[in-house]
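This report refers to the structure that appears directly beneath it.
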Amino acid sequence: MKFKNSPPTEEYYNEEGEVISVITSEEEISKIIKSIEGAESESLENANIALPNYMLIFKNNGEKVKSLGYNPDVESKDYFYDISEDMRYKTNPIKLMEKYK
């Protein structure tokens with residue numbers, strides 16, 4: 001899902017962005033999950049950051065199980081944001097935007 005630059009909080013939490021792609025490949029989903037699991041993490045508890053421009057929504061049998069904010073290729077790293085848990089994960093670039101624009 002893609003948002004305008006730094007979306008308004010309500011738009012972000014209501015997932016009102018533009019769906020730009022649906023990833024159904026189990027291999028690709030597994031690659032994303034493994035990248036996040038092995039990522040460097042940090043707390044966002046006291047951080048004052050803009051909301052990410054992209055969101056990944058993970059579903060199982062049509063039901064949302066997790067959503068993560070996503071900022072690709074920032075200083076040669078990808079950043080995933082778990083806003084519900086106040087965490088940010090820094091991974092090596094996985095080039096999702098190149099593959100799924």
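Everything numeric here is computed off the predicted structure, so don't read it as measured data. Computed from heavy atoms alone, side chains included, the values below leave out hydrogens, waters and symmetry copies.
Here CG of Asp86 is found 6.0 Å from OG of Ser43. Values are rounded to the nearest 0.5 Å. One distance of note links CD1 of Ile36 with NZ of Lys34; it measures 13.0 Å at 0.5 Å rounding. Between the CD1 atom of Ile32 and the CG atom of Leu56 there is a distance of 6.0 Å, given to the nearest 0.5 Å. Here the CE-OH distance, from Met55 to Tyr81, works out to 13.0 Å after rounding to the nearest 0.5 Å. Here the NZ-OG distance, from Lys90 to Ser35, works out to 12.5 Å after rounding to the nearest 0.5 Å.
Side chains of Tyr54 and Leu96 form no contact here, defined as non-hydrogen atoms less than 4.5 Å apart.
Considering only residues two or more places apart in sequence or on other chains, Ser84 meets the side-chain contact (heavy atoms from CB on, under 4.5 Å) condition with Lys66, Asp82.
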- I would like to know whether Thr91 and Tyr79 meet side chain to side chain contact (heavy atoms under 4.5 Å, CB included); could you show each step before the answer? CA-CA 6 Å; Thr91 69; Tyr79 288 88; over 6 Å; no
What donor-acceptor contacts under 3.5 angstrom involve side-chain atoms of residues 67-77, with partners at least two apart or in another chain?
unit_1 : atom_1 : unit_2 : atom_2 : d
Tyr70  : OH     : Asp78  : OD2    : 3.0
Asn71  : OD1    : Asn53  : N      : 3.2
Lys77  : NZ     : Asn92  : OD1    : 2.7

